[in-house]
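Right, one structure below, let's go through it.
Numbered from 1 within each chain, the chains take letters A, B, ... in sequence-line order.
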Amino acid sequence: MNNNNRVIIFWFRNDLRLSDNPGFSQAVSEGKVMPIYIFDQESVELFKMGSASRWWLYHSLKSLDRSLQEKLNIYHGCSQEVFKKLLHLHNVEAIYWSRCYEPYQREQEDAVSLLLQQHKIKFQYFNASLLWEPGQILTTNRQAYQRFTPFYGEAILQNHAPRAPLPAPTTMVLLKDTNNPLDIDSLPLLSKTSWYTKMDSLWAIGESPAQYELSHFLKTRLPLYHKNRDFPAIPSTSRLSAYLHFGEISPHQVWHSVQQETTKFLKKDGDAFLRELAWREFFYHQLFHFPKLTWKNVQPKFDGFPWCHNEVLLKAWQQGKTGYPIIDAGMRELWQTGTMHNRVRMIVASFLTKNMLIDWRDGAAWFWDTLVDADLASNSCNWQWVAGCGVDAAPYFRIFNPVLQAEKFDPEGIYIRHYIPELSQLPKKFLFTPWLASKSILEGAGILLGKTYPIPIVDLQLSRERALEAYHSLGK
DNA sequence: TGAAATGTTGGGGCG
DNA sequence: ACGCCCCAACATTTC
């Protein structure tokens, strides 16, 4: 066989970037590289990629393809089968990829590894999407941490700082698989109804937009991050979560540049942000050690919890028509933009699980479908955290009051007015409690309660008491 | 990374 | 002048 025909396959997964991609760098340094992406969802039983994620992925792949001189090779179907064909058609020298940690991705990896072992093909995987490998951060008993605080302390204090990010390779020889008829547009990524046209204008997707978001965040938002991050009307968050999920930016790049920015004046802000990045790690590690947590309560005593199955309430929550302005604003932000401010995510999640007494899995499923940053680890763990059944979870009796939360974190009502235009004329005094406004005030604001904006769909006090009762029914 | 209920304190009005 | 009561304002406990 002619040695010149030998190719190295680099399998892109949730690492859709060229910079700080150790496996890709190694591949292009060793020879001609055939970059591939496999859309492999058929075997996924739970949590097939949601609509918003698929929309994001479409653009992310387009961007990656441009970075790869339009040499990205697209496949659709079972990963193992795709590799079987590739091995048959090409003279494959080695196969490299970046590890992924979601249960079905691990199954894919195992199946592919087995195949490659059988064919005696060299393969190697790399860590490109976590600061610390699961299994690297363990208690002295070699167990996974069950509490974030010691996890974070140990991870920072006892382990080396995350490695420095790598630059993008400067030279590369890329190969197109000429036998393959598929391209990005042939994947089932964009639905027929173009619900996403508005989103197209809200997000710039790809590796260089991700870098731009990061530098913009460092310059304009990080300096007041600690103070501002809880206020949804203030642009204070990094907006990096979706880029991190698909790997258009690596956590190492983010970690490293935040640390570089963090002078003593910014220390509090830098620390607060790095802590959030560490929560992401913590959740990935949890998922790694307990893959069932996407649908199973981490605390088994919650298995008997008396959740209500109420389609009417669930739908009202999904559509942002509960009658509680901060809840509805958040749910509409999600629907319109594919994201939701972190503080508001906690408020709407508390409302669904506690005031509506609806199963956290229903909330997780909705978020999974609608969030552009939908991430199995963060989504599942955060829902369990709010519901009280997770690792290091909020106590069940911590029930957010949507009126008080709105008064506290959207005091001027800017966020609410933005996402609920039908309330925008309401005076601030009644903006958080429209049902308390007199008829004349409502009229003056052009509101017909029950018509143009809903009457509260559940009673706060009664639902709170009901939730506490349900909690007590679990016993200790 | 709550909220409500309950407890405590201290200033001021008032008999 | 003094004690009593009221009630913010704050602290603690409970869910």
Side-chain angles (χ1 to χ4, degrees), chain A residues 145-153 221 224-234 236-238 241 268-283 286 298-299 301-302 305-306 322 324-327 329-330 333 339-357 360 363-364 367 373 375 377-411 415 432-433 436 456 458-476:
Chain A
Y145 280 95
Q146 298 298 306
R147 292 282 176 271
F148 174 74
T149 309
F151 169 86
Y152 187 49
R221 299 175 179 188
L224 286 170
Y225 180 76
H226 183 72
K227 185 166 158 282
N228 286 347
R229 69 193 201 93
D230 270 326
F231 296 87
I234 303 176
S236 53
T237 59
S238 72
S241 52
K268 195 168 65 167
D269 299 297
D271 286 349
F273 182 74
L274 293 179
R275 223 179 133 77
E276 297 304 310
L277 211 52
W279 270 104
R280 174 179 179 274
E281 299 279 322
F282 183 61
F283 289 149
Q286 292 302 323
V298 172
Q299 295 179 42
K301 73 170 181 183
F302 275 82
F305 193 86
T322 67
Y324 291 100
I326 191 72
I327 305 293
E333 181 188 19
T339 187
M340 194 196 304
H341 188 276
N342 178 59
R343 162 64 50 177
V344 190
R345 290 190 201 201
M346 291 193 288
I347 304 172
V348 301
S350 167
F351 190 79
L352 184 81
T353 55
K354 296 174 183 183
N355 297 100
M356 289 183 160
L357 225 56
W360 62 268
F367 272 29
D373 65 17
D375 185 285
S378 297
N379 193 45
S380 312
C381 291
N382 272 312
W383 274 97
Q384 293 225 34
W385 183 87
V386 172
C389 52
V391 171
D392 205 0
Y396 187 83
F397 49 74
R398 186 178 290 163
I399 299 169
F400 287 68
N401 180 325
V403 176
L404 296 179
Q405 287 285 311
E407 286 171 351
K408 214 184 215 172
F409 295 110
D410 188 28
Y415 177 77
F432 311 115
T433 53
L436 295 182
V458 292
D459 178 272
L460 282 188
Q461 199 185 334
L462 288 180
S463 60
R464 182 177 198 277
E465 285 163 11
R466 191 179 57 152
L468 291 172
E469 242 172 73
Y471 174 63
H472 282 138
S473 77
L474 290 183
K476 291 187 176 177

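For A:Phe397, whose side chain is taken as the heavy atoms from C-beta onward, the closest listed nucleotide among B:dA3, C:dC15, B:dT1 is C:dC15. Listed nucleotides: C:dC15, B:dT1, B:dA3. Nearest to the side chain of A:Trp279: B:dT1. For A:Glu276, the side-chain atoms get nearest to B:dT1 when compared with the rest of B:dT1, B:dA3, B:dG2.
Within 4.0 Å of A:Lys354, counting heavy atoms only, lies no atom of the nucleic acid at all.
Relative ring orientation between A:Phe151 and A:Phe148 is described as tilted, the plane-to-plane angle lying within the 30° to 60° band. Between A:Trp279 and A:Phe282, the ring planes lie perpendicular to each other; the angle is over 60°, past the 30° to 60° tilted range.
Atom OH in A:Tyr471 sits roughly 15 Å away from atom P in C:dT14 (whole-Å rounding). Rounded to whole Å, the distance from CE on A:Met346 to C1' on B:dA3 is 15 Å. Rounded to whole Å, atom P of B:dT1 lies 21 Å from atom CE of A:Met340. Per the geometry, CZ belonging to A:Phe351 stands 14 Å off P belonging to B:dA3, to the nearest Å. Between the CD atom of A:Gln384 and the P atom of B:dT1 there is a distance of 22 Å, rounded to whole Å. Between the CH2 atom of A:Trp383 and the C1' atom of B:dT1 there is a distance of 16 Å, given to the nearest Å. Look at CG on A:Asp271: it is 15 Å from P on B:dT1, rounded to the nearest Å. As a whole-Å value, the separation of A:Arg398 CZ from B:dT1 P is 8 Å.
Side-chain N/O atoms of A:Ser236 and A:Asn228 include no donor and acceptor closer than 3.5 Å. With 3.5 Å as the limit, one finds a donor-acceptor pair spanning the side chains of A:Thr339 and A:Arg345.
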Side-chain donor-acceptor contacts of residues 381-389 of chain A below 3.5 Å, not counting sequence neighbours, with atom names and distances?
| residue | atom | partner | partner atom | Å |
| --- | --- | --- | --- | --- |
| A:Asn382 | ND2 | A:Ser378 | O | 3.0 |
| A:Trp383 | NE1 | A:Asn379 | OD1 | 3.4 |
| A:Gln384 | OE1 | A:Val298 | N | 3.0 |
| A:Gln384 | NE2 | A:Leu293 | O | 2.8 |
| A:Gln384 | NE2 | A:Lys296 | O | 2.8 |
| A:Trp385 | NE1 | A:Asp392 | O | 3.2 |

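The phosphate of B:dG2 (OP1 or OP2) has a side-chain N or O of A:Arg343 nearer than 4.0 angstrom. In this structure, A:Gln461 does not reach the B:dA3 phosphate: none of its side-chain N or O atoms is under 4.0 Å from OP1 or OP2. At the phosphate of B:dA4, OP1 or OP2 sits under 4.0 Å from a side-chain N or O atom of A:Asn401.
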